[in-house]
Peer 1: 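There's a structure below that I have some questions on.
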Amino acid sequence: MTGHDPGPDRTPDEGAGRNPIFETGPRLALCALLQGAKWVDFATARDMLGASDSAVSKHSRTLEEAGYLEVRKGSVGRRPRTWFRLTKEGRVAIRGHLDWLAGLRDALDST
């Protein structure tokens with residue numbers, strides 16, 4: 001099982017398999033949180049991950065640069081806000097990585 005170089009121009013079959021970008025716990029957790037939502041605001045993501053603002057910023061930037069995360073900035077009243085959602089490529093990539101993890105688990109269970 002090999003890793004794939006993450007990138008926004010991947011086709012769906014290229015999303016299958018281990019993806020090292022998700023091997024940092026907060027990135028995997030952030031993508032898992034976003035899978036079931038249209039948009040999630042920064043504060044909710046931070047609180048659900050139990051991470052600092054700087055950690056969420058760093059990991060979201062890495063995912064955004066890979067083409068897996070869309071970031072929207074705006075304001076609510078006078079307060080600036082940031083929202084996240086997975087891109088189509090991000091959904092394919094996280095599903096491929098989770099399938100790879102499930103296969104790894106199955107392989108371990110069968111030994």
Side-chain angles (χ1 to χ4, degrees):
M1 294 180 207
T2 60
H4 296 283
D5 187 7
D9 55 346
R10 296 170 80 177
T11 61
D13 11 328
E14 290 176 314
R18 176 178 169 257
N19 191 325
I21 200 168
F22 299 121
E23 292 179 359
T24 299
R27 289 185 207 144
L28 180 62
L30 179 59
C31 289
L33 170 68
L34 296 173
Q35 264 206 295
K38 287 189 177 188
W39 289 95
V40 173
D41 68 278
F42 184 97
T44 299
R46 178 198 61 217
D47 294 347
M48 295 292 288
L49 296 175
S52 67
D53 287 0
S54 62
V56 174
S57 292
K58 177 183 174 189
H59 292 299
S60 65
R61 189 173 316 111
T62 299
L63 292 166
E64 182 182 23
E65 289 171 357
Y68 294 162
L69 188 71
E70 184 177 345
V71 178
R72 182 175 73 183
K73 295 191 179 270
S75 60
V76 176
R78 293 179 181 229
R79 295 179 157 247
R81 293 283 189 257
T82 301
W83 295 270
F84 304 124
R85 77 172 172 186
L86 287 177
T87 62
K88 179 181 175 186
E89 293 83 5
R91 290 182 189 283
V92 169
I94 189 68
R95 174 53 48 207
H97 187 74
L98 292 173
D99 288 347
W100 176 79
L101 286 173
L104 183 59
R105 183 197 62 228
D106 291 346
L108 290 172
D109 288 346
S110 67
T111 58

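The analysis underlying the following values was restricted to heavy atoms, covering all of them including side chains, and did not include hydrogens, waters or symmetry mates.
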Peer 1: What distance do T82 atom OG1 and K73 atom NZ have between them, rounded to the nearest 0.5 Å?
Peer 2: 3.5 Å
Peer 1: Atom CD of E89 and atom CD of E70: how far apart are they, to the nearest 0.5 Å?
Peer 2: 10.5 Å
Peer 1: Counting N and O atoms only, with roles assigned by atom type, does the side chain of R81 sit under 3.5 Å from a partner on the main chain of V76, one being a donor and the other an acceptor?
Peer 2: no
Peer 1: Anything under 3.5 Å between a donor and an acceptor, one on a side chain of residues 101-108, the other on a protein residue two or more places apart or in another chain? List them.
Peer 2:
none

Peer 1: Can you tell me if T87 uses its side chain to pair, donor with acceptor, with the backbone of G90 under 3.5 Å?
Peer 2: yes
Peer 1: How close do L30 and A45 get, heavy atom to heavy atom, and via which atoms?
Peer 2: CD1-CB, 3.9 Å
Peer 1: Taking side chain to side chain contact (heavy atoms under 4.5 Å, CB included) as the test, write out the residues that go with A32, two or more places apart.
Peer 2: none
Peer 1: Got L98 and L28 here, is their nearest side-chain heavy-atom distance under 4.5 Å?
Peer 2: yes
Peer 1: Starting at CD of Q35, measure out to CG of L86 and round the result to the nearest 0.5 Å.
Peer 2: 6.5 Å
Peer 1: State, to 0.1 Å, how close F22 and C31 come at their nearest heavy-atom pair, and which atoms those are.
Peer 2: CE2-SG, 3.5 Å
Peer 1: Look only at the side chain of R85 and the backbone of L34, and say whether a donor-acceptor pair between them is shorter than 3.5 Å.
Peer 2: no
Peer 1: To the nearest 0.5 Å, what is the distance between CD1 (I94) and OH (Y68)?
Peer 2: 9.5 Å
Peer 1: Please round to the nearest 0.5 Å and tell me the distance separating atom NE2 of H59 and atom OG1 of T62.
Peer 2: 7.0 Å
Peer 1: Checking A51 now: which residues fulfil side chain to side chain contact (heavy atoms under 4.5 Å, CB included) with it, not counting sequence neighbours?
Peer 2: L49, A55, V56
Peer 1: Same cluster or not: are W39 and F84 linked, directly or through other Ile, Leu, Val, Met, Phe, Trp or Tyr residues, by side-chain heavy atoms under 4.5 angstrom apart?
Peer 2: no
Peer 1: Could you pull out the closest heavy-atom pair between A37 and V40, with the gap in Å?
Peer 2: CB-CG2, 3.5 Å
Peer 1: So, for S75 and W83, which heavy atoms are closest and what is the spacing to 0.1 Å?
Peer 2: N-CH2, 4.3 Å
